[in-house]
*Asks:* 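Pasting in a structure now, in structure tokens, and then I'll have a few things to ask.
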There are 4 protein chains.
Amino acid sequence: MNSKQSHRSEETKKAILSAAGKLFASKGYDTVSMREIAKQANCSHTTIYLYFKDKETLLHQLSMPSLTHLKQKMQAIVQLDAKMPEDKLKEISNQFIHFCLNNKNLYTIFINVKSTRIDEQKPKLEINQLRLEIFSIMKNVLGECLSLPNNDQLLAYSRIFFYNLYGILSTYSYQHEPTEELLERLIPTFELSLEILISGFKSNLKLSEEKQ
Amino acid sequence: MNSKQSHRSEETKKAILSAAGKLFASKGYDTVSMREIAKQANCSHTTIYLYFKDKETLLHQLSMPSLTHLKQKMQAIVQLDAKMPEDKLKEISNQFIHFCLNNKNLYTIFINVKSTRIDEQKPKLEINQLRLEIFSIMKNVLGECLSLPNNDQLLAYSRIFFYNLYGILSTYSYQHEPTEELLERLIPTFELSLEILISGFKSNLKLSEEKQ
Amino acid sequence: MNSKQSHRSEETKKAILSAAGKLFASKGYDTVSMREIAKQANCSHTTIYLYFKDKETLLHQLSMPSLTHLKQKMQAIVQLDAKMPEDKLKEISNQFIHFCLNNKNLYTIFINVKSTRIDEQKPKLEINQLRLEIFSIMKNVLGECLSLPNNDQLLAYSRIFFYNLYGILSTYSYQHEPTEELLERLIPTFELSLEILISGFKSNLKLSEEKQ
Amino acid sequence: MNSKQSHRSEETKKAILSAAGKLFASKGYDTVSMREIAKQANCSHTTIYLYFKDKETLLHQLSMPSLTHLKQKMQAIVQLDAKMPEDKLKEISNQFIHFCLNNKNLYTIFINVKSTRIDEQKPKLEINQLRLEIFSIMKNVLGECLSLPNNDQLLAYSRIFFYNLYGILSTYSYQHEPTEELLERLIPTFELSLEILISGFKSNLKLSEEKQ
DNA sequence: GATGAATGAGTATTCATTCAT
DNA sequence: TATGAATGAATACTCATTCAT
């Protein structure tokens, strides 16, 4: 008796999340309207408010699980002792790129720290927390690669590392090409960029050691 | 007489472009309304439609001259024989970053190739042309730096070079911090990233030469 | 068994009434939503419709008992033989003011005879009945004060007496000040107004007697 | 050429004001929607925003002229030297009642001091100013009637005087009876109430003088 | 060449209410 | 008896655009 209803409810919620996910991803958070989402989810736009307090809340409920998932994947890779640091770095970066291209909407959230209003910023904080953690994971692996402790230099290097990733993403995430094809096309350049950065870091490191 | 009228008309058009330019730059394309532009340009909002079919068209017509200006500046730098290639690269990159942060709206156009509807894609093509030229300038200077001819390897390197720039831009262009402050904060990391990339390119180059 | 069920049902109904009463009183009829009432009453919002056709009906069913209570209180005061008529009048007026400020919503109902749609005006009639009874009680006490029989002159006087009360209420019932504070501030003026009215009535009475 | 357009514009503005006036008066500010007003005014709801920044602004632009008019009428009456103070008081009170019953919407504004948000309270302040001036006019005339200087006692008396007026208004302003009929019915009671209040004030004044 | 008037489509959100269970 | 799911209508307000002049 109850189960039928609650099943339906869950279906609706999923439909909404999936619709919102697709739309946000393809058109961007701001451009998508609640009515549009509702139409795509085959329900009334008021129904959305039954499940999500807000457009923003909807976006965040949409983001958190997949970001968490990404983080876990990354951590798993990091913990594989058999792997070389550079391979780990390559792989987690790959995961990151994959993820972002598959979740174009989230990627924007992920990068935009912007406009954090003071009041009721709880959900934003959670996301921010995740961002920092993911950033931290990559920074640590980069540290391993370069045998660098967690200092300012490592911080500067990982920022540059991230710029590279973001640059790739922001260049390609608006393309309408199917993600998998896109990735295939991207990967060689992307791997090359990793190698170049790492050797760049290494020479810069040597240089700065010599100076001291 | 005709000339007087057409002169006035030119003036109005310029006023609109200038107003739109300022507003788009400071507040972003989406946030600015046609009425706002009209007010700033000291004309009626309907007048805008006399000169520009669309808000979008206005944006595109607006982008062209300023991108052209940027291109010219870059070319001028390139032609200074006195300068070392690496310094040229640093300076034109600096120009580019400056320009993009000062024209946040254009930056998005510049990067987004997106959503090309079939009809009336002419202006988009023009912009694309400029993009390619600017990209080409940087590629050439990078070629000079690395003593590389215009081959696939240089292409790959310059893509990576661009990713770095885009990454910086996409990370910071949504921040509401005043541009000048932002730049001051950014420049050290930015210059560091250039050095790292260049030495990265160089080692990678050596490596690939050794392989052959 | 039936009794157990109907008992529970009674309880729910009471809970709803009590919740609605509190909320209407503190926030006003329009501002309170059915869901809010349901939450406060610990039931689903649909349950409310089991007992009350309408939000409006709920309000009316809610008004009756508390108005009845007010009436009973007033009657009790009237029947205290020890008290002087003027003191009785003062006290019942006080009760009335208290009640109305504490039930801002009911106060509006109480005063508004308005918009009587033809269908289903029964509850409104009941309220009207009560209004008249309360009005009648005050009129009678006023009659005692002035030693006037129940004639047209007394009717006119009591209308004026009521205007004074309504005037106070309509002036202050929209203020957001906490009721008790408000009352404290109001009472001196209110008591003064009673004295003035009564002596006004008395002189007017003398005057009209002289004329005859 | 211009005149035809500007004529049309003025017509539209008038239509909106008139529609809003009627609707606010009959149903109350909160209950009336912008779309409703637009329909009544035979224009699109967006057109309203061409002429009035806000629903609130619309209300205020609607109120100011008629309140100002009321004030002027009152002042004119006050300045008639031939009239006895009591007659002046009677007449300006009459004007006030007339006005309020004819502008049921404004009357509510006039009485409700409520919810003055800090930001952009300019229009409210103007109204408040007028309220105080009108109140002040009546207070002064009352002072003349009672030969009282402008002291606390006069203040208390005029408050009571106002309660009486408000009481009448709040009792009858929701009735759907046509205003003129209503007034005819009301006037005798209203005049009686004035007489009673004045003689009440006088005896109370004597009483308080004796005490000293 | 230029503009004021006007509008339809759109925004997020809230609410009282109904329906199926 | 009771309830979760669902919805249509409504809210104030904004915007790019068009039409008549």
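So that the names make sense, note that chain A is the first sequence line, chain B the second, and so on, each numbered from 1.
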*Asks:* Just how far, in rounded Å, is P of F/dA12 from CD1 of D/Ile37?
*Replies:* 8 Å
*Asks:* Mind calculating the distance between NZ (C/Lys39) and P (E/dA16) to the nearest angstrom?
*Replies:*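 From C/Lys39 NZ to E/dA16 P: 13 Å.
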*Asks:* Using 0.5 Å steps for rounding, measure from the CD atom of D/Glu56 to the CG atom of D/Leu62.
*Replies:*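 The CD atom of D/Glu56 sits 13.0 Å away from the CG atom of D/Leu62.
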*Asks:* OP1 or OP2 of E/dA20 less than 4.0 angstrom from a side-chain nitrogen or oxygen of A/Arg8, does that happen here?
*Replies:* no
*Asks:* Please determine whether side-chain contact (heavy atoms from CB on, under 4.5 Å) holds for the pair B/Leu50 and B/Thr46, giving the CA-CA distance in whole Å, both sets of side-chain angles, and the decisive distance to 0.1 Å.
*Replies:* CA-CA 7 Å; B/Leu50 250 49; B/Thr46 49; over 6 Å; no
*Asks:* When you match C/Tyr49 and B/His45 each to their closest nucleotide on DNA chain E, which lands nearer the 5' end?
*Replies:*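 The residue whose closest nucleotide sits nearer the 5' end is B/His45.
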*Asks:* For C/Ser33, answer base if it contacts any base atom (sugar-phosphate contacts may also be present), sugar-phosphate if it contacts only those atoms, and nothing otherwise; contact means non-hydrogen atoms under 4.0 Å.
*Replies:* sugar-phosphate
*Asks:* Over how many whole Å does the gap from C/Leu59 atom CG to E/dA16 atom P extend?
*Replies:* 13 Å
*Asks:* Nearest to the side chain of D/Met34, which nucleotide is it out of F/dG4, F/dA12, E/dT3?
*Replies:*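 Nearest listed nucleotide: F/dA12.
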*Asks:* Check whether more than 12 heavy atoms from other residues, nucleotides or ligands sit under 6.0 Å from atom NZ of C/Lys13, and answer yes or no.
*Replies:*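 For C/Lys13, atom NZ is crowded (more than 12 foreign heavy atoms under 6.0 Å).
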*Asks:* My understanding is that a pair needs two contacts under 3.5 Å, Watson-Crick or G-U wobble. By that rule, which nucleotide pairs with E/dT21?
*Replies:* F/dA2
*Asks:* Where each residue is assigned the nucleotide of DNA chain E containing its nearest heavy atom, which of C/Thr31 and D/Ser9 is assigned the position nearer the 5′ end?
*Replies:* D/Ser9
*Asks:* For the pair D/Tyr51 and D/Leu58, evaluate side-chain contact (heavy atoms from CB on, under 4.5 Å) and give the outcome as yes or no after the intermediate values.
*Replies:* CA-CA 8 Å; D/Tyr51 297 97; D/Leu58 171 54; over 6 Å; no
*Asks:* Has the side chain of A/Thr46 got a donor or acceptor that lies under 3.5 Å from a partner of the other kind on the base of F/dG8?
*Replies:* yes
*Asks:* Taking OH from C/Tyr51 and P from F/dT1, how many angstroms apart are they, rounded to a whole number?
*Replies:*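 Those two atoms, OH and P, are 7 Å apart.
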*Asks:* What about D/Ser6: does its side chain form a donor-acceptor pair under 3.5 Å with the base of E/dG4?
*Replies:*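 No, no donor-acceptor pair under 3.5 Å.
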*Asks:* Within this structure, what is the NZ-to-P distance between A/Lys53 and E/dA12, rounded to whole angstrom?
*Replies:*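 After rounding, the reported distance stands at 14 Å.
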*Asks:* Output the single nucleotide from E/dA2, E/dT3, E/dG10 whose closest atom is nearest the side chain of B/Ser44.
*Replies:*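 In terms of side-chain proximity for B/Ser44, the closest of E/dA2, E/dT3, E/dG10 is E/dT3.
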*Asks:* What is the distance, to the nearest angstrom, from the CG atom on A/Leu58 to the C1' atom on E/dT13?
*Replies:*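 Interatomic distance, CG of A/Leu58 to C1' of E/dT13: 14 Å.
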*Asks:* The side chain of C/Asp54 lies closest to which of these nucleotides: E/dA2, F/dA2, E/dT17?
*Replies:* E/dT17
*Asks:* Looking at every non-hydrogen atom in both residues, tell me the closest pair between B/Met34 and B/His45 and how far apart they are.
*Replies:* O-CB, 4.2 Å
*Asks:* Take the protein atom NZ of B/Lys55 and the nucleotide atom P of F/dC15, then report the distance between them rounded to whole Å.
*Replies:*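 That distance rounds to 9 Å.
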*Asks:* Looking only at the side chain of D/Leu50 (C-beta and beyond, no hydrogens), which of the listed nucleotides E/dT17, F/dT11, E/dA5 gets closest?
*Replies:* E/dA5
*Asks:* Which part of the nucleic acid, if any, lies within contact of A/Phe52, taking any heavy atom under 4.0 Å across all strands shown: a base, the sugar-phosphate backbone alone, or nothing?
*Replies:* nothing
*Asks:* Expressed in angstrom and rounded to an integer, what is the separation of B/Lys13 atom NZ from E/dG1 atom C1'?
*Replies:*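 Roughly 14 Å, once rounded to whole Å.
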